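Scroll down for the structure; my scribbles are underneath it.
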Amino acid sequence: MNDAQETQITRKDEREAKLPPKSNFSEWYHELLKSAEIVDVRYPVKGMSVWYPFGFALRSHVYQIIKELLDVDHYETQFPLLIPETEFMKEAEHIKGFEDEVYWVTHGGRDPLEVKLALRPTSETAIYPMLKLWIRSHADLPLRIYQIVNTFRYETKHTRPLIRLREITSFKEAHTAHATWEEAAMQVEIAVQRYIEFYRRLAIPCLVSKRPSWDKFPGADYSIALDVIMPDGRTLQVGTAHLLGTNFAKTYEITYEDEHGEQRYVNQTCYGISERCIAALIAVHGDDKGLVLPWRVAPVQVVIVPIIFGDREPILEVCRSIESALARRNIRVRLDDGDERPGAKFYKWEMRGVPVRIEIGPRDIKNGVVTIVRRDGVRKTLPMGDGLVDAILAEAEELQAVLYNRAKEFMDSKIKLVSSLDEARSQVQSGVARVPWCGSVECGHALEDQVGANLLGEPRGDEIPPMGCLICGRESTGSTYMARQY
RNA sequence: GGGGUUGUAGGGUAGCCUGGUCCAUCCUACAGCGUUCGGGACGCUGUGACCUGAGUUCGAAUCUCAGCAACCCCA
């Protein structure tokens, strides 16, 4: 091998090494956030990063789905960022859960404030004093509102972009009030179903479990959580729904007059999703070449790459006519007529997860076809003409199914029912263990200690054959997921 | 919570141990011109950096301390 060849190879390796393999998840994730222009972590405050325009467009399309799902029977609102200390400190258990992570505004200009103001870590204490004013009678119930806002938590653990932040930029939080506990419990169930549907539209399967009592939302009767299994086998909590019962209603005196003229406390729920859903989207579908985005949320759904030989114009003309045919059907299409060579464009748009690429060159034009390449690697030639747009939409649908099935298969392969502590310890190194558990708090803590992982909680509606609790040995059909969590 | 590593152009790096050779290396990116274009093109020309602060010193990218920030591993 001569020097020239050696140099060639070195340079090619350097180029390909730009994105580490997905098997090295942590580094792959960080590099991808930058290369695909999702968020820029270089903002000079710890735990706060900036959405690139491309990342923000992705975020907008994703949150559009949440809005659609909620707008059926919720109203969108917006409450202030600042919460007076006096309101924030009313609910004891809630304070205990959050006060170590609160940013405080203590000054207005140079003057110290008489009442400190908290930057919301979540908005219960901002919203509930107003619900007290808004809710008068049973006719006002059920009340369902949500907002999409930023929240602030002074995280002491290591921050991680989109996953553990000091400013959560995209917290969708819903709050509901109902006449009875049962209705509120039903609302929690509805919320969970909406969230499952939300993630299904992102082609992401989730684990759903009831969090153990020591891990529920501060001030809740119970909490249901959705978790996604990340490529490295750790889990990411990507949604929660909490039954608050009358806990907050009593503190904030939120009452309604029932049919018999009596004042009763409302029963409340709250449920939330943050930009962790974007982290999950990236982690679950991405591959060694970059992002892989479901059609529905891709900022660019179709990219057209002209393959030019000699005369540009005839080829570009065909590209433009296809571009406008797609645009007329509200498809987000981009004609990449830049100066780079086709190969460079392929890599660029693959990094950004574009679901469908169309290549048009002299050969295609001669044959009356276009070449399409789906982001999952499937390559086809489709006839040019009236049916092309529909054919591409069909490909998009197929891609969606491929992504979901692939993700589901991965998730299932990462969950294992274990029958000993040793087996549990080994399983949580690379996935989720389903662990027989009697349900007691003592055994739960003992499991976390001895397995070295967290209890996610009881899987819902899915019993295991009777087995002995791994700690106390009592026979039980109960179990819990255990995993190392993000 | 504990430990480790790191901070040099838009991005990635060399130099740091052993202070002066450095108006700082190479790759990439960006701008201009030309030839190109079916999987990361090439030539020529040009642009651009030592995290912040203090200290040691005749002299600091290099040594010391502090701050800020980032990443990795473990709990």
Side-chain angles (χ1 to χ4, degrees), chain A residues 3-4 6-20 24-50 52 100-101 154-167 232-234 288-290 303-316 318-319 335-352 354 357-367 369-375 377 379-381 425 428-429 445 448-454 482-486:
Chain A
D3 282 357
E6 224 165 58
T7 311
Q8 273 287 306
I9 286 166
T10 310
R11 281 164 57 190
K12 189 158 192 279
D13 284 350
E14 276 169 7
R15 242 185 272 123
E16 286 175 351
K18 202 177 170 200
L19 189 63
N24 185 354
F25 175 65
S26 211
E27 283 171 29
W28 173 89
Y29 178 71
H30 282 280
E31 189 57 46
L32 182 51
L33 289 179
K34 186 169 66 189
S35 298
E37 298 190 347
I38 305 297
V39 291
D40 193 332
V41 301
R42 293 172 300 178
Y43 190 76
V45 178
K46 182 180 167 69
M48 299 185 188
S49 46
V50 179
Y52 280 108
D100 289 343
E101 321 192 322
Y154 184 71
E155 291 285 352
T156 51
K157 290 182 177 173
H158 276 170
T159 55
R160 206 181 284 270
L162 301 183
I163 291 177
R164 175 163 283 115
L165 298 160
R166 285 188 169 177
E167 181 189 9
D232 60 0
R234 295 164 77 177
D288 286 352
K289 287 180 174 173
V303 64
I304 301 172
V305 179
I307 313 294
I308 294 162
F309 285 98
D311 199 0
R312 291 165 61 87
E313 262 320 299
I315 292 167
L316 284 178
V318 175
C319 290
L335 170 59
D336 189 349
D337 58 358
D339 283 337
E340 288 163 303
R341 290 159 68 96
K345 293 177 184 174
F346 297 164
Y347 281 102
K348 182 172 89 189
W349 294 109
E350 277 164 353
M351 182 65 78
R352 285 166 178 69
V354 176
R357 174 175 82 232
I358 300 178
E359 301 171 18
I360 299 171
R363 207 163 62 206
D364 300 301
I365 293 177
K366 202 177 81 193
N367 297 335
V369 299
V370 298
T371 302
I372 68 138
V373 179
R374 265 174 18 199
R375 186 57 182 80
R379 173 184 286 267
K380 292 182 182 173
T381 56
R425 271 190 285 268
V428 298
Q429 293 313 305
H445 285 308
E448 291 191 330
D449 269 3
Q450 294 184 34
V451 175
N454 294 110
M482 294 192 74
R484 295 183 307 143
Q485 286 177 295
Y486 269 102

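Chain letters run A, B, ... following the sequence lines, proteins first and then strands; every chain starts at 1. The model shown is predicted, which means the values in this text are computed figures rather than measured ones.
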Selection from [options] that lies nearest to any side-chain heavy atom of [X]:
X	options	answer
A/Glu27	B/C37, B/C72, B/A69	B/C72
A/Ala344	B/C37, B/A41, B/G39	B/A41
A/Tyr347	B/C37, B/G40, B/C73	B/G40

For atom [atom1], what is the distance between [N] and [M], given to the nearest Å?
N	M	atom1	answer
B/C51	B/U6	P	14 Å
B/C33	B/G39	C1'	27 Å
B/U21	B/A60	C1'	15 Å
B/A9	B/U25	P	14 Å
B/C30	B/G11	C1'	12 Å
B/G3	B/U47	P	48 Å
B/U18	B/G4	C1'	25 Å
B/G48	B/A31	C1'	12 Å

Once you apply a heavy-atom cut-off of 4.0 Å, does [X] come out as touching a base, just sugar-phosphate, or nothing?
X	answer
A/Glu350	base
A/Ser35	nothing
A/Lys34	sugar-phosphate
A/Gly338	nothing
A/Asp339	nothing
A/Pro362	base
A/His30	sugar-phosphate

(message) Quick check on A/Asp339: does its CG atom have over 12 non-hydrogen neighbours (other residues, nucleotides or ligands) under 6.0 Å away?
(response) no
(request) May I ask you to check whether over 12 heavy atoms, not counting those of A/Tyr154, lie within 6.0 Å of atom OH? (result) no
(request) Assess whether one donor atom and one acceptor atom, taken from the side chain of A/Glu340 and the base of B/G39, lie less than 3.5 Å apart. (result) no
(message) Would the base of B/G39 count as contacting A/Arg357 through its side chain, where contact means a donor and an acceptor less than 3.5 Å apart?
(response) yes
(message) Tell me if a side-chain donor or acceptor on A/Arg484 pairs with a main-chain N or O of A/Val428 at a distance below 3.5 Å.
(response) yes
(request) Using Watson-Crick or G-U wobble pairs with both distances under 3.5 Å, give me RNA chain B in dot-bracket, 5' to 3', with [ ] for crossers and | for pairs to another strand. (result) (((((((..(((.......[.....)))(((((((.....)))))))...(((((..]....)))))))))))).
(message) Taking the nucleotide of RNA chain B with the nearest heavy atom to each, does A/Lys157 or A/Gly452 sit closer to the 5' end?
(response) A/Lys157
(request) On RNA chain B, check which nucleotide each of A/Tyr43 and A/His158 is closest to and give me the residue with the more 5' one. (result) A/Tyr43
Distance in angstrom units between [X] [atom1] and [N] [atom2], rounded:
X	N	atom1	atom2	answer
A/Lys348	B/U28	NZ	P	18 Å
A/Phe25	B/C71	CZ	C1'	14 Å
A/Arg42	B/A70	CZ	P	13 Å
A/Glu31	B/G10	CD	P	17 Å
A/Leu162	B/C71	CG	C1'	16 Å

(request) Not counting sequence neighbours, which residues clear ring pair (Phe, Tyr, Trp, His ring centres under 6.0 Å) with A/Phe346? List them please. (result) none
(message) Run A/Val370 and A/Asp364 through side chain to side chain contact (heavy atoms under 4.5 Å, CB included) and show every step you take.
(response) CA-CA 6 Å; A/Val370 298; A/Asp364 300 301; 5.5 Å; no
(message) With the criterion set at under 5.5 Å between ring centres and under 30 degrees between planes, would B/G39 be stacked on A/Phe346?
(response) no
(request) Determine, for A/Glu359 against A/Arg379, whether the closest basic-nitrogen to carboxylate-oxygen distance falls under 4.0 angstrom. (result) yes
(request) Evaluate the side chain to side chain contact (heavy atoms under 4.5 Å, CB included) criterion for residues A/Lys348 and A/Asp336: first the C-alpha distance (whole Å), next the side-chain angles of each, then the deciding distance (0.1 Å), finally the verdict. (result) CA-CA 11 Å; A/Lys348 182 172 89 189; A/Asp336 189 349; 3.4 Å; yes
(message) List the residues meeting side-chain contact (heavy atoms from CB on, under 4.5 Å) with A/Lys46, not counting sequence neighbours, and say none if there are none.
(response) A/Thr159, A/Arg166
(message) So A/Arg357 and A/Trp349, do their side chains get closer than 4.5 Å, heavy atoms only?
(response) no
